[in-house]
**Q** 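The structure's right below; bear with me while I get my questions together.
All chains are named by letter (A, B, ...) in the order of the sequence lines, taking the proteins before the strands, and each is independently numbered beginning at 1.
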Amino acid sequence: MTPKRKQRLILVSVMLCGVAAAAAFGVNAFRENIMLFHSPSDVAAGAVKPGKPFRVGGMVVDGSVERHQESLDVHFELTDYDKTIPVTFSGILPDLFREGQGIVAMGAIDAAGTFEATEVLAKHDENYMPPEVADALERAGKMPETAATYDSKTVVEP
Amino acid sequence: MLEFLDMGGYAFYVWTSYSFALILLGGVVLWSALQSRKVRVSTIRRAQQRKRKS
Amino acid sequence: MYRLAGRLAPWFGGLCLLSLAVGLYLGLVVAPADYEQGDSYRIIYIHVPAAWMSMFTYVVMATSSAIFLIWRLKIADVVAEASAPIGAAFTAVALLTGSFWGKPMWGTWWIWDARLTSELLLLFLYLGYMALRGALDTPQGSARAAAILAVVGVVNIPIIHFSVEWWNTLHQPATITKLGKPSMHISMLRPLLLMALAFQLLYFHNLMVRMRTLILSRESRASWVAELNVETGN
């Protein structure tokens, strides 16, 4: 390699390392801001002040969904298998909303500690299978675990 | 056939997505082919004219 | 290189059409509906291959740009320039189809989560690269500036890839990973891999065609150009 090429190689490498380091610092500094949602445990620990809008993500507790008879009002509980918080919402829920499903809700905590959602989004998992296979897995109690995605501390192996 | 086109009620989302893919990717392929033809004809013609003159 | 590209292009194109036909048939007709998402999940057959190719194309562009910067190899610059439009198209397809998948499943067209935002940044990198190529007065200057942008922007690729693991996102984690079993039933996985192959071949086909155009216009004054047949270009 000629000295000139070597010099350019070093220059390009240094440039790339610099930008990568800057990106790493930036990403680390804004780690909290890049988090799309808080977990019910964060909320229970008082991470967010009442009245301040934020997103919360978790699983809809089985058997907790109560729909109002005449209106679109719905009440359910959201959990990360550690802490559970009550949620109220009025509006149209996404197709995937159901008990046991992961969701992300936008809204704020009221004085009583209930999360008043203004928007509810469904979070689906990375598993795809035909209904018959899902039924068979369900019967065998071997449904893939998806709860891991709700804990930012849990590292899902790539 | 109608059942297939309906996509379990998601026809709008599924077929719009496939149309976007067709338009964008097909568009790039078609544009590249047309550009290739245009550049080929004009560049080679000009090169041949230059050669004949010299 | 010019002749080789011309010889390879129809092969890539033909094989692409073949795998596209089989992949679409298996994906849209044969594969069963998903247990949770019904038929809407079929968008995956263009969304995921497009997203993979948007990153693959960028890595090719950044690598050849680095080679061009260091060794001043003209052909590496041609590869990078030829890749940009198809890469931008792949990125746009991934974003648009993702949006049309997000609306019925998540309940929103768009959300500023880490995965979606970093993929949008990728689109801007492609567009910025293409704009920069035509922006400066001297071809050498713009080639060098664009190559620097391409190399620097490669930092975004690991961010896109790992965003779903590093942060809480609405986007789900990867279904198919290098290590471990894919979390997808085989009947649904086969068409996905075929479509990924088809998109890969589409990229190589387009790369060959665009490289020929670029080489021809750059070398327009070379003596070998006058020997070519106008109709076939060979």
**Q** For the residue pair S32(B) and R210(C), what are the closest heavy atoms and their distance?
**A** OG-NH1, 2.9 Å

**Q** Please classify the contact of R52(B) with chain C as side chain, backbone, both or neither, using a heavy-atom distance under 4.5 Å.
**A**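 The answer is neither part of R52(B).
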
**Q** List the atom of A226(C), the atom of K51(B), and the distance in Å for their closest heavy-atom pair.
**A**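 Looks like CB-CD, 3.7 Å.
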
**Q** Roughly how far, to the nearest 0.5 Å, is the CD1 atom of I44(B) from the CG atom of L216(C)?
**A** 5.5 Å

**Q** Strictly less than 4.5 Å between heavy atoms, which residues of residues 86-103 of chain C line up against chain B? Please order them by number.
**A** I86(C), A89(C), F90(C), A92(C), V93(C), L96(C), T97(C), F100(C), K103(C)

**Q** Answer with side chain, backbone, both or neither: which region of S36(B) has an atom nearer than 4.5 Å to a non-hydrogen atom of chain C?
**A** both

**Q** Where on M211(C) is there a heavy atom nearer than 4.5 Å to chain B: the side chain, the backbone, both, or neither?
**A**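 Looking at M211(C), nothing touches chain B.
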
**Q** Heavy-atom distances under 4.5 Å only: say whether R46(B) touches chain C with side chain, backbone, both or neither.
**A** neither

**Q** So with a 6.0 Å cut-off around OH of Y25(C), is the heavy-atom count from everything else above 12?
**A**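 At most 12 heavy atoms, drawn from other residues, nucleotides or ligands, come within 6.0 Å of this atom.
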
**Q** With only heavy atoms counted, which part of R212(C) is less than 4.5 Å from chain B, the side chain, the backbone, both or neither?
**A** neither

**Q** Compare every heavy atom of I43(C) with every heavy atom of S17(B), then report the nearest pair and how far apart it is.
**A** OG-CD1, 3.6 Å

**Q** Would one find more than 12 heavy atoms of other residues, nucleotides or ligands at under 6.0 Å from atom CZ of R50(B)?
**A** yes

**Q** Does atom CH2 of W11(C) have more than 12 heavy-atom neighbours, drawn from other residues, nucleotides or ligands, at distances under 6.0 Å?
**A** no

**Q** For V29(B) and N206(C), which heavy atoms make the closest approach, and how far apart are they?
**A**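 For V29(B) and N206(C), the tightest heavy-atom pair comes out as CA-ND2, 3.8 Å.
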
**Q** Using non-hydrogen atoms and a 4.5 Å limit, figure out which bit of Y10(B) sits close to chain C: side chain, backbone, both or neither.
**A**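 For Y10(B), side-chain heavy atoms alone lie under 4.5 Å from chain C.
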
**Q** Here's one to test your reading of the geometry: is the NZ or CZ of R42(C) within 45 degrees of the ring axis of W15(B) and under 6.0 Å from its centre?
**A** no

**Q** Taking only heavy atoms into account, what residues of residues 44-55 of chain C are found under 4.5 Å from chain B?
**A** Y45(C), I46(C)

**Q** Please name the pair of heavy atoms, one in S220(C) and one in A47(B), separated by the smallest distance, quoted to 0.1 Å.
**A** O-CB, 4.3 Å

**Q** Within the structure provided, determine whether L28(C) and M7(B) are in side-chain contact (heavy-atom separation under 4.5 Å).
**A**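 With C-beta onward as the side chain, the pair touches.
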
**Q** For each of T16(B), D6(B), I23(B), tally heavy-atom pairs with chain C at distances under 4.5 Å, and name the one with the top tally.
**A** T16(B)

**Q** Out of A82(C), P104(C), G38(C), return the one with the most heavy atom pairs under 4.5 angstrom to chain B.
**A**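 Most heavy-atom pairs under 4.5 Å with chain B: P104(C).
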
